[in-house]
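Heads up, the thing below is written out as structure tokens.
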Amino acid sequence: MPRIRTAGVIATTTALAFALSGCSVLTAFEPHVSSEIFDTAKDLKAAHAPVVGSPSFIPDDATIIRVDYDTQDGSAILTYSSKTHLVPNTCTKPTAVPKPTIQDSWWPVDGFPAQAGDCGGGWSAFAIGDQVWAAKAATK
């Protein structure tokens, strides 16, 4: 009979260990990319999006602003429509077109310009037609 009790104790201890460690295992698989959509630049600025802030290069006429941001490493991507494209005198320094680690169906897969503009704060942006895309490098 002692062997049955020992087996029961081992089984119970093992199940309890898996249950308790499961919490930490599950957090490793939690999504850490959040998405938001703002109707206008004014809405984005008013929201004070946690990781993204209010990028200073987004013009007042920007609409349908889609933002994805990584809550762990601080990287982000965004897109919006605007006839103005960018606030004047921002993103003027040429840089490589960003290759973000965050992926979303709205990020373009081809048709990129030769260069993007460095917008400061880790952001780089480019336009294709009246659609602007920007990416922010990881900060953590």
Side-chain angles (χ1 to χ4, degrees):
M1 289 286 183
R3 287 187 178 189
I4 293 174
R5 284 187 193 150
T6 303
V9 168
I10 290 172
T12 302
T13 305
T14 303
L16 182 60
F18 278 126
L20 292 175
S21 68
C23 294
S24 62
V25 170
L26 287 178
T27 58
F29 295 105
E30 279 184 24
H32 51 89
V33 175
S34 295
S35 299
E36 298 194 41
I37 299 175
F38 302 94
D39 291 331
T40 66
K42 182 179 179 181
D43 295 335
L44 171 67
K45 291 173 185 171
H48 300 290
V51 175
V52 182
S54 296
S56 61
F57 59 88
I58 298 177
D60 291 339
D61 71 337
T63 58
I64 314 301
I65 304 163
R66 295 178 179 269
V67 181
D68 289 358
Y69 56 93
D70 188 314
T71 59
Q72 291 181 346
D73 72 10
S75 63
I77 58 175
L78 65 81
T79 187
Y80 58 86
S81 297
S82 168
K83 298 276 186 201
T84 307
H85 295 179
L86 301 162
V87 169
N89 301 316
T90 62
C91 309
T92 56
K93 180 180 173 188
T95 191
V97 171
K99 295 180 182 173
T101 55
I102 298 174
Q103 298 296 309
D104 203 328
S105 60
W106 48 259
W107 188 264
V109 293
D110 57 20
F112 294 102
Q115 293 184 321
D118 181 338
C119 305
W123 284 99
S124 55
F126 61 92
I128 301 174
D130 285 335
Q131 192 70 26
V132 176
W133 286 272
K136 181 181 179 191
T139 57
K140 299 175 188 173

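The structure presented is a predicted model; accordingly, all values stated were derived computationally and were not measured. FYI, the numbering just counts along the sequence from 1.
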Measure the CD-OG distance between Gln115 and Ser124 for me, rounded to the nearest 0.5 Å.
11.5 Å

Less than 4.5 Å apart, side chain to side chain, heavy atoms only: is that true for Cys119 and Thr90?
no

Shortest non-hydrogen pair, Pro98 vs Ala135, comes out as CB-CB, 3.5 Å

Rounded to the nearest 0.5 Å, what separation is found between the CD1 atom of Ile37 and the CH2 atom of Trp106?
9.5 Å

Nearest 0.5 angstrom please: Leu44 CG to Arg66 CZ, how far?
14.0 Å

So Ser82 and Ile58, do their side chains get closer than 4.5 Å, heavy atoms only?
no

Angle class for the Trp133/Phe126 ring planes (parallel below 30°, perpendicular above 60°, tilted otherwise)?
parallel

Taking side-chain contact (heavy atoms from CB on, under 4.5 Å) as the criterion, tell me which of Trp107, Trp123, Tyr69 meets it with Leu78.
Trp123

Separation between CG of Asp104 and CG of Asp68, rounded to the nearest 0.5 Å:
4.0 Å

Measure across Gly74 and Thr139 and return the closest heavy-atom pair with its distance rounded to 0.1 Å.
CA-OG1, 3.6 Å

Can Val97 be reached from Ile102 by stepping across I, L, V, M, F, W or Y side chains whose heavy atoms are under 4.5 Å apart?
yes

Nearest heavy-atom neighbours spanning Ile77 and Pro100:
CG2-CB, 3.4 Å

Close side-chain approach of Asp60 and Lys45, heavy atoms under 4.5 Å
yes

Kindly give the heavy-atom pair with the smallest separation between Lys136 and Gly121, and that separation in Å.
CE-O, 3.8 Å

With rounding to the nearest 0.5 Å, note down the distance linking OH in Tyr80 to CD in Gln131.
9.5 Å

Gly111 versus Ile128, closest heavy-atom pair with distance:
O-CD1, 3.3 Å

Nearest heavy-atom contact between Ala127 and Val132 is CB-CG2, 4.0 Å

Does a donor on one side chain and an acceptor on the other come within less than 3.5 Å for Asp130 and Ser81?
no

If I take atom OG1 from residue Thr63 and atom NZ from residue Lys42, how far apart are they, to the nearest 0.5 angstrom?
15.0 Å

